[in-house]
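This report concerns only the one structure given below.
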Amino acid sequence: MESTAERRRRLLSGGANLDYEFPFRPVRSSGMYMYDAEGKSYLDFCNNIPHVGHCNPHVIDAVSRQMSLLNVSPRYLFDSILDYAERLTATMPSGLDLCLFTCTGSEANDLAYRLARAFNGGHGVLTTLHGYHGNTTFLRSIDASAPGDYSDAPDWCVRIPAPMSSEPHDPASFEVASTAFAGNIDVAVATLAARGHAPAAFYFDSYFCSDGVLTPQATVMSEGLARFRRAGGLTIVDEVEPGFARNGDHYWGFGRLGIVPDMVVLGKPTGNGYPIGAVVTRREIADKFFGNDRYFNTFAGSPVSCAAGMAVMDVIEKQQLQANAKKMGAKLLSALEETAKKYEIVGRIRGEGLLVGVELVLDRATGTHAATETRKIRNELCREGALVGITGPDRKARNILKIRPPIIVSEADIAQFSEIFNRVLSRI
Ligand SMILES: Cc1ncc(COP(=O)(O)O)c(C=O)c1O
């Protein structure tokens, strides 16, 4: 009989990757947990899509009520799209005052490039060395996170190191990191110029997740970004991973960097699983674009997607989840640091709020990546009932555990995760 793996290959092709080496088949989810058919629970410390908890009742209620009332494309008049845009922009620094809605993070990043090009007439793109921003043809061509034919950048794209390296000997001082970053911007702009390209945009994730989850010092990018602006480029901050109060101190990840981008890209957590994303930008940027171009997206900003987005923001506000992210983020970090004292394989731990990267190394002094062990630990964690992600600049090793629970996480959840994590490490 055909196995599920064979059937997947036949119907979905070989590209339909799974996270685990053994069949992990969740059949339902609720709050912090997924459950399999036998009723076994899996504590979700991996996913930022169910941002306010799996199957959040308030989100489900808002979506289903709106679904049974009216769901049309945004070509018609309805106020919820305005109310939602108003609510979103109220969380942003002033100037970032309008929203263009999309269905996914990829669509939003793709649209942001069109906006940048229309605004400054440039073509060139900067990304970080290992940045991932989505799956459209354009974004795939600048994707630096995956091995394969596309790993070389086109000549209009230059990749620069994130302002803090994930390697063991990254620059310690603010001055060194700031000067190095500004210098890298200068070189990238000059490289583009030598190839005949003016800079259009610099894309970066405010937590540099696929560069290894990096939390550089506040304002360390300011001088470099000012130089990039003077060269005519726009900054596009990707909040698909860190956004919506996950940081704890700030609603958006870029807040911790003390910067104001030209565009902010939203995705995954925006609708708690309902597909909605957005580009939030300045009026002059959107005006210039619409002077000469059009943008229509059938499902984006529909009444149902706005209901989902509103409901997520309601829950964050009503349950004070930003404060929860701050408090629980601190507890999570200290629990992980306790674990690091016991197990040599745990290298540096980086993060802030509820987005943390845990390096796994064979040797703390050299920082040699623990490749096989990382995969094994992730698999074992799942067998024991806890889910985490993996990431990292080392494309083969992916030796960084990405810990990113829904922001409703409680102290008891962290204690349970910690207990499972320690148990798994004790066996490795
Ligand atoms: C940082 C970042 N940007 C953009 C995207 C693309 O979002 P989507 O898969 O919704 O198109 C992702 C998805 O993994 C992401 O992690």
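Atom set for the values below is all heavy atoms of this structure, side chains included, hydrogens, waters and symmetry mates excluded. First listed ligand is number 1; within each ligand, the first listed atom is number 1.
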(message) Please tell me whether Tyr42 and Tyr35 form a close aromatic pair, meaning their ring centres lie under 6.0 Å apart.
(response) no
(message) Out of all atoms in ligand 1, which are within 4.0 Å of some heavy atom of Ser106? Include the element for each.
(response) 6 (C), 7 (O), 8 (P), 11 (O)
(request) Give yes if a backbone or side-chain nitrogen or oxygen of Gly105 is under 3.5 Å from a nitrogen or oxygen of ligand 1, and no if not. (result) yes
(message) Could you check whether Lys402 pairs with Glu241 (Lys NZ or Arg NE/NH1/NH2 to Asp/Glu carboxylate O, under 4.0 Å)?
(response) yes
(request) Report the nearest protein non-hydrogen atom to atom 12 (C) of ligand 1: residue, atom name, distance rounded to 0.1 Å. (result) Tyr132 CE2, 3.5 Å
(message) Tell me the protein heavy atom at minimum distance from atom 16 (O) of ligand 1, and give that distance in Å.
(response) Glu241 OE2, 3.2 Å
(message) Quick test of your reading of the model: are Asp249 and Arg256 salt-bridged, counting only N-O distances below 4.0 Å?
(response) no
(request) Would you check the N or O atoms of Asp238, main chain and side chain alike, for any that come under 3.5 Å of an N or O of ligand 1? (result) yes
(message) Counting the benzene-type ring for Trp, do Tyr84 and Phe101 have ring centres under 6.0 Å apart?
(response) yes
(request) Classify the contact between Asn109 and ligand 1 as side chain, backbone, both or neither, using a heavy-atom distance cut-off of under 4.0 Å. (result) side chain
(message) Between the side chains of Glu380 and Lys376, is the shortest nitrogen-to-carboxylate-oxygen separation below 4.0 Å, so that they form an ion pair?
(response) no
(message) Below a 4.0 angstrom heavy-atom separation, can you tell me which part of Lys268, side chain or backbone, both or neither, approaches ligand 1?
(response) side chain
(request) Heavy atoms only: give me the nearest Asn379-Glu21 pair and the separation to one decimal. (result) OD1-N, 3.0 Å
